[in-house]
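For reference, the structure is listed below as structure tokens.
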Amino acid sequence: MSSTLILGIITAYFCILILISFLTSKKGESTESFFLANRASPWYVVAFGMIGTSLSGVTFISVPGMVEKAQFSYLQLILGNMLGYFVVALVLMPLYYRLNLVSIYTYLEQRFGYWSYKTGAGFFLLSRTLGAALRLYLVTGVLQLAVFDGLGVPFEVTVIITIGLIWVYTFRGGMKTIIWTDTFQTLAMLLCVGISIITISQDLNLSFNGMVDTISESKYSQLFFWDVKDPRYFFKQFLSGFFISIVMVGLDQDMMQKNLSCKNLKEAQKNMFSFTVIILFVNILFLSLGALLYLFAQSKGIDLPAKGDNVFPFLALNYFSPFMGIVFILGITAITYASADSALTALTTSFCVDFLDFKNKPEAQRVRLKNWTHLAFSVIMAVVIVIFKIVNDESVVQAVFKVAGYTYGPLLGLYSFGVFTNRPVRDNLVPLVCVLAPILTYIISLNSADWFWGYEFGFEVLILNGFLTFMGLFSISRKRTEFVDVTESYA
């Protein structure tokens, strides 16, 4: 497979994104357009584009790769996600629309105070910067091996080019552009997954019904697990999925910014309910692809890499046709940049609104600050990616994913306490609570096997983290005799 050919296709792909940027934005657009697309986004377009944002290049290779060891148990977590999305649509989104928010963390200031607000926004900035940079690092590494090493392009230059391209097609239109580029990228990703499934099925001489029967009869298709000691245990996965979806969608500026760009609450809820159904079928596609990859390898006698994350890239780039190799590169590129470009816009929005006091500045100054902030986060992301490359330690990469998960726990605790209680807190102590909760969570998780009869924490550290934050907030709160509902008073 020619590196020059792949580079040409990727270049053409980014040219399409830049074209979409010019078609969907105008020079001199207001910051309202950049942040929320003038609150005029079609709900069905947002729903479809959110698929690409909610997934990542890591998902593209990890979900198929986990099928051998975890079978279809991942769908247990997705079922929990679906229940969580309903809570987001019916509890959190009405709150955000009622308060007419641009940054969802503004709620924390209205409910608790200045320090709670800055703490919540700060945790988001830290988590999203690390998470987006790590996803780009892992996928840039795949592109580097497949394309740019052969052309003699250093990794650092590859990073600068890719971040630069994201900046080019997002700096002017922001969310107004992201809504449409993410729709295109989600479509490209789904086409690549579909083509991969069809190609492998044909190679195995399977019709559609034959493919369904083969997968369902294989050892990979088990969905439910009821052994409480099994890490795939249903309620462990389901509850983790429930809380993960609430924090990763409902308490995440990146995901909620798209919902807030819809015309009104009713359309935003249509978007969320549609997204809930679509995401289930998309994950079924990924898991089915994973089963077919392992069945293909078995039929050909191929020794697969021990690490599941390497299975799809290994087969796509070494055992499938050159066309399939290109499809894989395009698929992983589409899903990664659909996640990264919206993250860059969300980081810019949060920092501008939450830390630069945008509401009290004239529009001309807002535009200048927005442009500089957008550029600064592009540079920060590039620097973090290069640092990951220098460290080049897989354990550090895994640790960053865990750290990103820990940072959402305080947000879960803050919003839960704010929505479900009417108690005011000592605002100046909130940052301390939100720092101590993840530390205590880590200590408990590290010793859980010894302290809790062999039980080991997985995704559910998020639940523990949120609970400890909630209890910490309770300890610094007092009973309020007369409570004014913030959702009413700021309507």
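Between the side chain of S350 and the backbone N or O of L347, no donor-acceptor pair lies under 3.5 Å. Between the D254 side chain and the A346 main chain, no donor and acceptor come within less than 3.5 Å of each other. For N264 (side chain) and E267 (main-chain N/O), a donor-acceptor pair under 3.5 Å exists by modelled atom type. Proximity of a side-chain donor or acceptor of S73 to a complementary backbone N or O of A70 within less than 3.5 Å is detected. Proximity of a side-chain donor or acceptor of S216 to a complementary backbone N or O of D213 within less than 3.5 Å is detected. Judged by distance alone, the side chain of S448 and the main-chain N or O of S445 form a donor-acceptor pair under 3.5 Å. Side chain of N310 to backbone of P305: no donor-acceptor contact under 3.5 angstrom is found. Side chain of N271 to main chain of A47: a donor-acceptor pair is present (N/O by atom type, distance under 3.5 Å, no hydrogens or angles). The closest donor-acceptor contact from the side chain of E68 to the backbone of G65 lies at 3.5 Å or more, if one exists at all.
Among residue pairs with one or both ends in residues 154-165, those qualifying as side chain to side chain donor-acceptor pair (under 3.5 Å) are Q144-T158; sequence neighbours excluded.
Taking the centre of each ring, Y408 and F123 stay at or above the 6.0 Å mark. Note: F234 and W226 meet the aromatic proximity criterion, with ring centroids under 6.0 Å apart. Between Y105 and F124, the ring centre distance stays below 6.0 Å.
Atom CZ of F296 and atom OG of S201 lie 11.5 Å apart (nearest 0.5 Å). With rounding to the nearest 0.5 Å, the separation of CZ in F281 from CD1 in I51 is 11.5 Å.
With sequence neighbours left out, the ring-ring contact (aromatic ring centres under 6.0 Å, His included) criterion links F14 to Y337. Residues satisfying the ring-ring contact (aromatic ring centres under 6.0 Å, His included) test with Y13, not counting sequence neighbours, are F184. Not counting sequence neighbours, the partners of F273 by the ring-ring contact (aromatic ring centres under 6.0 Å, His included) test are F86. For F148, there are no ring-ring contact (aromatic ring centres under 6.0 Å, His included) partners, not counting sequence neighbours.
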Evaluate ring-ring contact (aromatic ring centres under 6.0 Å, His included) for F72 paired with Y220, printing each intermediate quantity in order.
CA-CA 7 Å; F72 274 31; Y220 306 113; 8.6 Å; no
List the atom pairs, with distances to 0.1 Å, where a side-chain N or O of residues 322-329 and a protein N or O form a donor-acceptor pair under 3.5 Å, not counting sequence neighbours.
none

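A salt bridge between D252 and R128 is present, with a side-chain N of the basic residue lying under 4.0 Å from a carboxylate O of the acidic one. Of the charged side-chain nitrogens involved, none lies within less than 4.0 Å of a carboxylate oxygen, so that D227 and R232 do not count as a salt-bridged pair.
Among Y415, F420, F417, the single residue meeting the ring pair (Phe, Tyr, Trp, His ring centres under 6.0 Å) criterion with F470 is F417. Here the options are V193, V67, I197, the test is side chain to side chain contact (heavy atoms under 4.5 Å, CB included), and the partner is F286; only V193 passes.
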